Amino acid sequence: YKSIDTGLSFLPKYNGWPGIGSVQNLSLNAIDPPGSDYGTLASSLVLGDASTPDFTIEMKIKSSGWSGDPAILSNKSWASGVNKGFVLFGNTGGGIGFNIGDGSSRIDLGTSGINDNEWHNVSMSYQASGVKKIYVDGVVEGSNTSTISFGVDAGLATAIYQDGTLGYGFNFPGMIGEIRIFDVALDSATIAANHCVVADVSHPNYSDLLHLYTLQTGSGSTLNDAVSSNNITLIGTPVWTNGLPVACPTLSYAIDEEQKRTEIAVSQDNPDLVIALATGDVGGGSGLVGIYKSIDAGESFTFECCGMNPGEPADANNKNI
């Protein structure tokens with residue numbers, strides 16, 4: 001990460017950095033309703049019933065943390081997980097949870113922490129008679145094969161930043177950048193390939209979208225539904241931030257490899273020259289991943305040492321310092 005304003009803000013710099021295979025970039029418009037403000041869908045959304053037994057919910061979310069277990073998208077009374085309806089929520093451990101109930105039974109899934117003030121894409125793929133999976137940034141974080149009845153409609157509103165009663169006691173302090181709701185359970189490959197885009201007609205399941213909120217208006221109190229007429233009306237004074245840069249890196253390391261500590265040196269005589277010493281367990285070696293050099297003040301890096309490739313085991317030509 002690089003700052004050019006004495007640390008007030010930082011942007012990620014991926015070019016040539018250890019372990020980054022490729023980067024996909026997109027630009028988001030986002031809302032961040034203050035305090036207890038929320039939004040409601042024009043028509044309540046019922047998912048997991050006989051008419052829409054399978055579905056997928058995807059949302060781009062950014063937050064630095066929350067109190068309690070605030071609802072992010074819900075059509076139920078979140079006073080109990082057994083209550084009829086569904087809720088996508090921030091759980092007390094800092095991850096995202098999903099719950100659905102039919103009045104007597106419930107299904108629950110959760111993710112690891114995403115309360116890091118970075119953008120994440122959360123996906124919930126639900127097969128009524130099959131597997132339910134929850135993803136973060138295209139990677140499965142939890143699954144469940146339990147089933148419940150189709151009696152999941154409580155007759156309440158569907159809301160963002162609130163539960164179906166519109167009066168739940170905890171609020172989600174974070175930004176939402178896009179909401180997608182499909183009437184099919186997307187598979188893992190589709191979710192992984194499309195988590196770092198704003199959905200359009202090129203999405204392989206675009207025709208399966210029930211509702212799509214891209215926030216392209218960039219202002220106002222209405223989130224237009226790009227594929228239907230189920231617009232979201234924002235209650236209160238929403239804060240809009242437009243054109244937010246989001247970068248999604250693809251790692252080149254194997255799943256059991258890791259780049260760990262990095263030490264960085266900069267010379268006052270030549271502040272464009274940055275040397276980074278990266279350590280970790282990569283390429284069969286343990287200790288030195290590599291020495292990297294930047295001549296453009298950290299915009300890009302090149303592998304300088306040691307050996308032909310990062311992390312190789314030490315030998316006469318690769319002094320593992």
Side-chain angles (χ1 to χ4, degrees), residues 9 11-12 14 20-33 39 41-42 45 47 55-63 72-73 88 90 96 98 111 114 116-126 133-141 158-161 172 174-234 238-251:
S9 63
L11 286 175
Y14 296 107
I20 304 300
S22 63
V23 180
Q24 193 170 0
N25 296 289
L26 71 153
S27 176
L28 287 180
N29 291 351
I31 56 166
D32 185 7
L41 277 68
L45 182 64
L47 301 174
F55 62 87
T56 302
I57 300 171
E58 295 193 296
M59 300 181 71
K60 291 180 172 59
I61 296 171
K62 179 181 179 181
S63 179
I72 304 172
L73 174 68
L88 192 74
I96 298 299
F98 175 83
T111 77
I114 67 164
D116 54 5
N117 206 34
E118 298 289 343
W119 280 105
H120 296 281
N121 190 82
V122 176
S123 306
M124 179 63 219
S125 176
Y126 184 99
K133 295 181 180 180
I134 193 166
Y135 302 73
V136 172
D137 300 330
V139 179
V140 178
E141 295 248 337
T158 302
I160 59 172
Y161 291 94
F172 178 72
M175 305 174 79
I176 293 176
E178 183 194 42
I179 305 170
R180 313 172 191 170
I181 302 170
F182 299 84
D183 62 3
V184 295
L186 297 183
D187 59 41
S188 296
T190 300
I191 289 174
N194 294 277
H195 79 275
C196 194
V197 299
V198 175
D200 57 22
V201 293
S202 65
H203 192 288
N205 290 90
Y206 189 83
S207 62
D208 298 311
L209 278 163
L210 286 173
H211 308 294
L212 172 63
Y213 307 95
T214 62
L215 284 67
Q216 291 306 300
T217 55
S219 63
S221 297
T222 301
L223 305 185
N224 293 322
D225 185 349
V227 297
S228 183
S229 58
N230 200 2
N231 295 343
I232 298 176
T233 300
L234 301 173
V239 176
W240 285 80
T241 306
N242 300 324
L244 291 167
V246 178
C248 305
T250 299
L251 300 182

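Sequence positions, counted from 1, serve as the residue numbers for this chain. Not measured: the values here are computed from a predicted model.
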Taking [X] for its side chain and [Y] for its backbone only, find out whether a donor-acceptor pair lies under 3.5 Å.
X    : Y    : result
N231 : D225 : yes
Y14  : C248 : no
W240 : A30  : no
T111 : I96  : yes
T56  : V184 : yes

Please name the pair of heavy atoms, one in [X] and one in [Y], separated by the smallest distance, quoted to 0.1 Å.
X    : Y    : answer
G90  : I72  : N-CD1, 3.8 Å
I20  : P249 : CD1-CB, 3.9 Å
L215 : G177 : CD1-O, 4.0 Å
L234 : G220 : CD1-O, 4.2 Å

For S188, side chain to side chain donor-acceptor pair (under 3.5 Å) partners two or more places apart
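Partners of S188 by the side chain to side chain donor-acceptor pair (under 3.5 Å) criterion, ordered by chain and then number, come out as Y135.
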
- What pairs with S229 under side chain to side chain donor-acceptor pair (under 3.5 Å), at least two apart in sequence or on another chain?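 For S229 there are no side chain to side chain donor-acceptor pair (under 3.5 Å) partners, ignoring immediate neighbours.
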
Margin query: Restricting to salt bridge (charged side-chain N to carboxylate O under 4.0 Å, His left out), what partner residues turn up for E141, sequence neighbours left out?
Written below: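 For E141, no residue satisfies salt bridge (charged side-chain N to carboxylate O under 4.0 Å, His left out) once neighbours in sequence are set aside.
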
K60: what forms a salt bridge (charged side-chain N to carboxylate O under 4.0 Å, His left out) with it, not counting sequence neighbours?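 By the salt bridge (charged side-chain N to carboxylate O under 4.0 Å, His left out) rule, K60 matches E178.
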
Hey, are the side chains of [X] and [Y] touching, using non-hydrogen atoms and a 4.5 Å cut-off?
X    : Y    : value
T217 : T222 : no
E58  : V122 : no
I232 : I179 : yes
Y213 : I31  : no
N117 : K62  : yes
N205 : L186 : yes
L73  : I57  : yes
Y206 : L212 : yes

Kindly write out the residues that satisfy side chain to side chain contact (heavy atoms under 4.5 Å, CB included) with [X], not counting sequence neighbours, or none if the list is empty.
X    : answer
D183 : T52, D208, L210
T241 : M175, L244
S207 : none
T250 : S22

For this session: May I have the step-by-step check of side-chain contact (heavy atoms from CB on, under 4.5 Å) for R180 and L209, ending in yes or no?
Result: CA-CA 7 Å; R180 313 172 191 170; L209 278 163; 4.0 Å; yes

**Message:** Does anything in residues 23-33 form a side-chain hydrogen bond (donor to acceptor under 3.5 Å, both in side chains)? List the pairs, not counting sequence neighbours.
**Reply:**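 Listed by first then second residue: nothing to list.
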
Exercise for review: Go through L28 and N242 one step at a time and tell me if the side-chain contact (heavy atoms from CB on, under 4.5 Å) criterion holds.
Suggested key: CA-CA 6 Å; L28 287 180; N242 300 324; over 6 Å; no

Step by step, would you call I160 with F172 a side-chain contact (heavy atoms from CB on, under 4.5 Å)?
CA-CA 9 Å; I160 59 172; F172 178 72; over 6 Å; no

Return a table of donor-acceptor pairs under 3.5 angstrom between the side chains of residues 189-199 and protein atoms on other chains or two or more places apart.
unit_1, atom_1, unit_2, atom_2, d
T190, OG1, D187, OD1, 2.8
N194, ND2, T190, O, 2.9
H195, ND1, A192, O, 3.0

task = Hey, could you give me the OG/CD1 distance between S63 and I114, rounded to the nearest 0.5 Å?
result =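 It comes to 7.5 Å.
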
message = Just verifying a value: how many Å separate I176 CD1 and L223 CG, rounded to the nearest 0.5 Å?
response =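 Reported to 0.5 Å precision, the distance equals 8.5 Å.
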
Listed partners of H203 passing ring pair (Phe, Tyr, Trp, His ring centres under 6.0 Å), at least two apart:
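H203 satisfies ring pair (Phe, Tyr, Trp, His ring centres under 6.0 Å) with F182 only.
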
Open item on the list: Test of understanding: with ring pair (Phe, Tyr, Trp, His ring centres under 6.0 Å), list the residues that count as partners of F55, not counting sequence neighbours.
Closed with: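 With sequence neighbours excluded, F55 shows a ring pair (Phe, Tyr, Trp, His ring centres under 6.0 Å) to Y126, given in chain and number order.
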
task: Could you tell me whether the side chains of N230 and S228 share a donor-acceptor contact shorter than 3.5 Å?
output: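 N230 vs S228: no donor-acceptor pair found between side chains.
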
